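Contents: one structure, followed by commentary.
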Amino acid sequence: MKVVLKELVKDFKSTDTVAVNRINLEIDQGELAVLLGPSGCGKTTTLRMIAGLEQPDSGRIYIAERDITDLAPKDRRVAMVFQNFSMYPTMNVYDNIAFPLHAIKMDRKEIDRTVREVARLVNIDQLLERGLRQVSGGEAQRVALARAMVRRPEVFLMDEPLSNLDAKLRVQLRTEIKRLHQDTGTTFIFVTHDQEEAMTLGDKIIVMNRGDIQQVGTPHEVFFTPRNAFVANFVGTPSMNMLPGSLRIEESGRLFVVLPGFELELPRRFAAGLRMMTSHHVIWGIRPEAIKLVPAIGDNCVPGLVELVEALGSRDLMFVRVHDQLFGVIVDALDSVPVGETCSLHFDGAHMHLFDADSELSLLLDEKANGA
Amino acid sequence: MVVPVRERALSYAILTAMAVLVLIPVLAGSLTAFKPQIIWISSPPVWFFEPTLENFEFVLITRQNWLHLRNSLIISIGSVVIALVLGVPAAYGFARFRFRGSKGLMQWLISLRMIPPIVVGLPFYAMFLFLERATGLGLRDTHFGLILTYQTFLLPLVIWMMRGYFVELPAAMEESAMVEGYTRIGALRRVVLPVVWPGIVATALLNFIFAWNEFFLALILAGNNTSTLPMAAGTYVVRARVEWGNLFAVNLIIMMPVIVLTIFLRQQLVKGLTFGILE
Amino acid sequence: MKSLKTVLLLLFVFSLCLPLVSAQDSFPLTDPATGARPYEGRELRIINTEVVPILAYEHEILDPAYEEASGVTLIYENMAHSDLLPRIQTTCAAGGDDFDIMFVEDGWAGALAALGCLEELDGLYLAAPGDSHPEDFTARAFGTVAMAKEKWVGIPTLVAVGMFAYRTDLFGDPDEQAAFQEAYGRELTVPQTWEELAEVGEFFTRPEDELWGFNYRYGTPNNILFDYMIHFGFSRGVDFFDADFNPLFGTEAAIDTANFFVGQDFLALQPPGRESYQFGEVLQNFTQGKVAMYGTESWAIPLLLDPEASVVAEHTAFAPIPGWRNPETGEIQSALLSAGPAYMINAHISDEQKQLAWDYLQLAHGKEFARLLADQRGAGHRVSVLTDPDLVAKWPHLTANFEAMKVGIGRPAEPWWPEAENAIGRALQEIAAGGDAASLMADANADIVEIVEDAGYYDEGIAYVSVVQREEFVCAKMAELGLDHDECM
Amino acid sequence: MKPDVATQPGGQSLSRRVYSLTQRHRHWFFIGPALLILLTVVIYPIVFSTGVSLFRVTFASTSRPFVGLQNFERMLGNDDFLQSAYNTLYYVVFSVSGSFLLGFGAALLIRRISRGRNILRLVLIIPITMAPIVVGLMWNWMLDPLFGLINWFLGLLGIPGQTLLAQASTARLMVVLVDIWQWYPLVFLIIEAGMATLPRAPYESARLEGVSSWMIFRRITLPLLRPVILVALLLRTVDAFRTFDIVRVMTDGGPALTTETLSLYLYRTAFTFNKLSRAAAGSILMLLVIGLISAMMFRFLYKDIEVG
């Protein structure tokens, strides 16, 4: 079902929850939306307000055009999977899954049928008689998934359900959640601080910071066209190289960014954004993947000294010092330069990002987009 | 962990010595409860004799201390139940909701344990009397009156201990149940209570001990209908002598329920002390 | 706004204090109850303590008979003696009616009377004199135990005066007599002075045979130590206060007394552990035959004469407690503390209930039952009992008891007296621990001045009621009630 | 999406508004009843005592003039009050440290044995299950100079009868020892339970690295147990401050006030000396001191434990 948040506010006064500042958000029917942000950004608070576990100070929440702001959690037809809780310790797997069904006074036979069906769906039908101590962490989290599914909720809420699992299990369960989403066609809202998880799972990513929504978009949009410096910095591993600089515009109309120690020419597509600038101060950025090693010095090329190389498998992450600035550069492992040697870096204008130093907004987008 | 033999032997030796120091007075005293009056006191002590139950018969039947036993049971159990009924939800509230002044309130609560009982006794009596005259509500010399008074030291401890248990549990446990179709109360009843049950048992036991052994408030407030076992013990210290055999008989009656409960609930008690007070 | 809050808070505090200051209604007289079983079905609540076995007798014999005859149910709240006072005072201060009759020690009556919770008995007596006979007590004992200043508030349940007991088997043994003669150059007699007692005591002190010369009560609580020290003090002419209400505990006589009482010479006559002995232990030492002489209180005598309770019951005799030979007159001065509890009626109960309580008290501690109690158990505190030829023949100690009762001196019945007693007791304890008697007693004396001052006595001109004044009060009271008292002629 | 009528701010149904209100104040729903009872049973006596302490209320007089802070002044200038305050401090220091060392020691030792651990533990905690008044009487009986087991035993060793409770030099120590006897099990229980929750890893690695037992204790056990230790100390301190039953039964404050505690002195002031206001003022003073001490201990405690 479609989920709509209107002007939602949560103050942190006298509570231990993180504030949410007047956010507006629409999540379409059947979408898998990921709330992404560092801890303390308000994403969990937002999710908990949707679940009814936190009372918003103002604003409304709608699910399928129904105002649920003042409904008790049990009446919202949502399901939730928690980060640090999976199974009721006093019940076995079967009773755990049946638990939500008892709340709606379903008859025993129907419960049994539903429990077994759902258990099969998440591959725990062999474990029904086991207790908390006899199942692994991953299995316990599947129990939580099953329990969430069993009532066929209109919206699935997931609060970092995978963060307590080990890496391999995390990947495995991630896939299953994706599959589950596809099979059920239900709206999923998934909270995580792991941008890789967000990228792989989400149809739509909502990046949050300090209680505000920074950007809403597809994984692709969020990665390639970050709306502001925060999103640019937060999304992507290793994170974007970012430097403070100032602009120089030649009479010819050519655009340069003056960085500490060197200067780079900017592509013309930034010209449109310059009109809204109040000063010449900018933040310039480029992703490590967009920096190329080139054999000789040319346009937009600078020499640098390799200080550290981390192997990532097929590729290497090199840390290259250029005029006192350390750049992360991702190169094919075969092209890697040994530590202590110099190399020449090429910054591809097509992959450069530019942000206003004051507002931190991207200069790439036009005025209208930024003003939204 | 492997403990070197010498270290282990030393541990046994010291602990056994301590156990002996605990047991000697308790056992020797309890033995007196089974002695006929003529050898209640004797020097050197008499260790072998034909045990008799006449002291128990005297205190329970002749002196009607079974009534005190009954009062003690009603008051202790009643006040522990009330303390739990009021204190467990409060502990949950303190554990789950942070609100203005919650931290200060918690600190205030434990400081209540420090109030010397003499501060409480007389005002309570005056209050009960005033209530009775103003509204006809009689609390003087009633079990309920004492149960109410005992809340001064039971309720804070219940809240403090139980809060520790609730803090240990992830809030997501009951939140999950709430999302799954239960009210908060329903979630507490069906999910949280079964988990903290050992904690409740331990809290109840510890508070039972405190209520059972309470002396001063009972002294001021208990009357003929409500006087408790520790007060009955005092009546065997008469001016001419202490009636040791009777006194130790009452002592045994006082000790027995607590010892038996402790044996049965030892695990929970230990658990309760870790969780509850630790946090 | 803030001041309003303050006023409200103050009002709240005042309202909380209200139960403490509830006024007391006056009590109208009632007609004498004469009809058959007029109290049928009623309840009488008595707060009591099992201080001494004699009182237990009351429960065994009297109470069933009373319940049978009256149809009244007696409800006892039996507490440890040490627990009684806080319970009674709390109830009293708040004006509670938890019990009808209460067991009140002479030292407590002053405070309780000032609070207005002791019913004055004059009216009840005049309406139904019955069996109570207040003139049947010695004036001293009655003034100490049954009256609070000029008011008659209680009927004594027992009167405790200092007594002296000794072993006739030891004093009458020719071998002992000869040995004593040889050692001390005089005849072995029952000591009349404390100096003589010290000699005889030394003679009989034979730890290897588990025998000691004398035993006396000490105890750790301060007031108890004082209680006994004052016996020695009185005989040396120590009094509580002089005519101008100055305490007399820093005098030379008081210091001498203190030195003697807690001195090692005196302690050495007594079995080990003497510093902590209270009633129970000294009684037990004597009844187990461990001591030759014993200083006790009158109520304990029946226990000494009970063959089941004492191995020396057959060999126990009584004499006046030793005194001090006045160096000027050569006369032996002997005076003792007189104390004891009385049954008193709670002023906060209904008139009907007061009448019922009075009716019971007349029976419980009237002349008739006193006779019965004396006959069966040898306890006596009424003149008619103590002087009855038949009873005296059966219980020879009654005569000595009577003599002691006539000269017994009561403690000041003032609310601040326990604190004063505490101050002297503390000084005595410190002297026992090796402190200097002269300075410690002087300090205690100064403390008492402060305590009395603090109570507002000197400023407000309230005077200490002396023993003589008490007797005058008793006589005035008897006259008021239209009674003749032997000692008031 | 166009909001329907029901979602307009003014159009909320009553039940929804009630729900919203209860959600905002839900903590009172849980805490309220207990707080209400505590306010009546605790605040009332304290307010009452404060009220009484400002007047001259005695058991011996029906006139009750307002005297302001005079009672406090008198109490603070009273030697006996100061002496009993000193004694109380003595109790707190020695009883708390004694019961702590004994309880801590027993807890350390019992973790080193396996067989018989349960039965030993049960025996060791017996004292805490006894009523303090009973404990006091029992030890009076043990210490009796005539028939007490201790003197009998000393007699076997050729030592003459001792009156440990009646001599100023020993009485206080004896009472403290009995108090320790009764209360070390509390420390024992808390510490032992705390130790059961300690992580194993630091011990194992320390053992492997050959660190001495003493260093393990000092560098690992003590720091890890710090919160538990503080809780045990706090509880013991609070209880030691109001020691009453045991002392009253054993020595009643004597000899010469060497064993008198504040609680006992205030009790005596009220009920024996008939000075209600003075006692009330004393209790308020005592409450203030204890409050101050516990607040200090709390500060330590809160540093260690995140209180949610």
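Labels below follow one simple rule: chain letters A, B, ... track the order of the sequence lines, proteins then strands, and each chain is numbered from 1. Everything quoted here is computed from the prediction, not taken from an experiment.
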Task: Greatest number of heavy atom pairs closer than 4.5 Å to chain A - which of B/Ala187, B/Gly186, B/Ala172, B/Pro194 - done: B/Ala172
- [ ] Please round to the nearest 0.5 Å and tell me the distance separating atom OG of B/Ser176 and atom CG of A/Asp159.
- [x] 11.5 Å
Open item on the list: Counting only heavy atoms from other residues, nucleotides and ligands, does the tally under 6.0 Å from CZ of B/Arg70 exceed 12?
Closed with: yes
TODO: Output yes when A/Lys74 and B/Glu180 qualify as a salt bridge under the 4.0 Å nitrogen-oxygen rule, no when they do not.
DONE: no
- [ ] First locate atom CG of A/Asn84, then atom CE of B/Met173, and finally report the distance between them rounded to the nearest 0.5 Å.
- [x] 10.0 Å
Task: Approximate separation, where rounding is to 0.5 Å, of B/Arg190 CZ and A/Phe99 CZ - done: 5.5 Å
Open item on the list: More than 12 heavy atoms of other residues, nucleotides or ligands under 6.0 Å from CZ of B/Arg8: yes or no?
Closed with: yes
TODO: Heavy atoms only, distances under 4.5 angstrom: which of A/Pro89, A/Ala51, A/Ala148 has the most pairs with chain B? Name it, please.
DONE: A/Pro89
Task: Shortest non-hydrogen contact between A/Val78 and B/Val179, atoms and distance - done: O-CG1, 3.3 Å
Task: Contact summary for A/Ala103 and B/Gly181, nearest pair of heavy atoms - done: CB-O, 3.4 Å
Open item on the list: If I measure from the heavy atoms of chain A, does B/Pro170 come under 4.5 Å with its side chain, its backbone, both, or neither?
Closed with: side chain
Task: chain B contacts, top residue of A/Arg147, A/Met87, A/His102, A/Met80 (heavy-atom pairs, under 4.5 Å) - done: A/Arg147
Task: Region of B/Ala177 that comes under 4.5 Å of a non-hydrogen atom in chain A - done: both
